[in-house]
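What follows is a set of notes on a single structure, which appears directly below.
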Amino acid sequence: MSPAEKIGQILPVLEARYGAATTELHYRNPYELTVAVVLSAQCTDVRVNQTTPAFFERFPDFETLARAMPEEVYSYIKSISYPNSKSHRLIQLARTVVSEYQGQLPRDPNLLQKLPGIGRKSANVIASILWEAPVIAVDTHVFRVSRRLGLAKGKTPEKVEEELSQIIPPAYLARAHHWLILFGRYHCTARKPLCNACPFVDLCDYYQAYKNK
Ligand code: SF4
């Protein structure tokens, strides 16, 4: 079965299971989502959500954050992974948005990914959540699940993104990101995938190879 044929069978099942899913990060506007996404690198969404209310109270927008000192930002995010580098990155990010974009986040993922602290994955996450841009962010879960199912063979997130973009209809790209993350986070987990209760065993490359060993 080709990857395109597989995705045709997989998407309806994931939609039925996770249809309304969106990010688990808490945010109220583009600024807050951007900060939360930066903080979530190498950190759980739960921990980020515990940290951001006080952070947003003190730094409610890009302008305020752009004027902040790294030491103070650090004090608000010290329970997050890599607080030192993230403090500096957040301030640089805010200063760039203020100086180059009048305090408004650019919508184009290609411009977003040029901002300090925002890589390709984060840019796609932000643009797809905020503006339903037809892009798919490939994180560790999307990468693993896509390769196991045989939807993609690429060895880098960029290559897998390219392959997924060719087989997932544009209207589904943004939502498929969340569905694949949830499926990878709670079902097709890295160490103990729940293959015995999986609706995709018949088309999964990983399962077929494992079963035939
Ligand atoms: S069969 Fe197993 S490895 Fe394949 S998608 Fe399902 S849970 Fe993941």
Side-chain angles (χ1 to χ4, degrees), residues 1-27 33 36-49 80-81 109 113 119-130 132-213:
M1 193 184 298
S2 72
E5 289 169 328
K6 287 184 180 183
I7 202 71
Q9 295 192 17
I10 290 168
L11 286 179
V13 176
L14 293 180
E15 183 169 27
R17 186 182 288 199
Y18 306 119
T22 183
T23 178
E24 294 182 339
L25 293 169
H26 297 168
Y27 71 98
L33 178 64
V37 167
V38 171
L39 292 177
S40 70
Q42 311 289 320
C43 191
T44 66
D45 290 355
V46 172
R47 175 59 61 91
V48 172
N49 290 337
I80 297 258
S81 56
Q113 77 176 65
R120 183 172 186 83
K121 182 187 73 173
S122 297
N124 284 357
V125 167
I126 293 166
S128 62
I129 291 174
L130 290 176
E132 296 185 8
V135 290
I136 184 161
V138 176
D139 75 344
T140 183
H141 300 297
V142 177
F143 185 77
R144 181 182 67 255
V145 170
S146 300
R147 284 169 46 90
R148 281 180 174 174
L149 283 167
L151 298 174
K153 296 192 184 314
K155 292 190 166 58
T156 64
E158 290 75 19
K159 185 68 181 124
V160 169
E161 178 190 332
E162 195 181 313
E163 292 176 84
L164 292 178
S165 299
Q166 286 168 0
I167 58 170
I168 298 177
Y172 279 92
L173 275 172
R175 289 183 296 156
H177 161 76
H178 299 297
W179 301 343
L180 289 169
I181 283 181
L182 291 174
F183 185 67
R185 190 176 282 166
Y186 302 114
H187 193 112
C188 186
T189 56
R191 291 196 181 164
K192 288 188 179 174
L194 305 174
C195 299
N196 290 337
C198 183
F200 306 130
V201 283
D202 291 338
L203 52 75
C204 177
D205 288 357
Y206 179 93
Y207 181 80
Q208 297 302 328
Y210 175 74
K211 191 180 72 171
N212 293 327
K213 266 186 185 172

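Each ligand, and each atom within it, is numbered from 1 in the order the structure gives.
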(Q) Using a 6.0 Å cut-off, check whether atom CD of Glu132 has over 12 heavy atoms from anything other than its own residue. (A) no

Which atom pairs, one a donor and one an acceptor, fall under 3.5 Å between side chains of residues 170-183 and the rest of the protein, sequence neighbours left out?
from   : atom 1 : to     : atom 2 : distance (Å)
Arg175 : NH1    : Glu15  : OE2    : 3.3
His177 : ND1    : Ala137 : O      : 2.8
Trp179 : NE1    : Tyr18  : O      : 3.2

Per-pair distances, 0.1 Å, donor-acceptor, side chain in residues 3-13, under 3.5 Å, sequence neighbours excluded:
from : atom 1 : to     : atom 2 : distance (Å)
Glu5 : OE1    : Ser2   : N      : 2.9
Glu5 : OE1    : Ser2   : OG     : 3.4
Lys6 : NZ     : Leu149 : O      : 2.7
Lys6 : NZ     : Leu203 : O      : 3.0
Lys6 : NZ     : Asp205 : OD1    : 2.9

Q. Quick one: salt bridge (charged side-chain N to carboxylate O under 4.0 Å, His left out) partners of Glu162, sequence neighbours excluded?
A. Lys159

Q. Side-chain contact, heavy-atom cut-off 4.5 Å: Phe143 with Thr156?
A. no

Q | Metal environment of atom 8 (Fe) of ligand 1, protein N/O/S under 2.8 Å | A | Cys188 SG

Q | Charged N-O contact under 4.0 Å between Arg147 and Glu163 | A | no

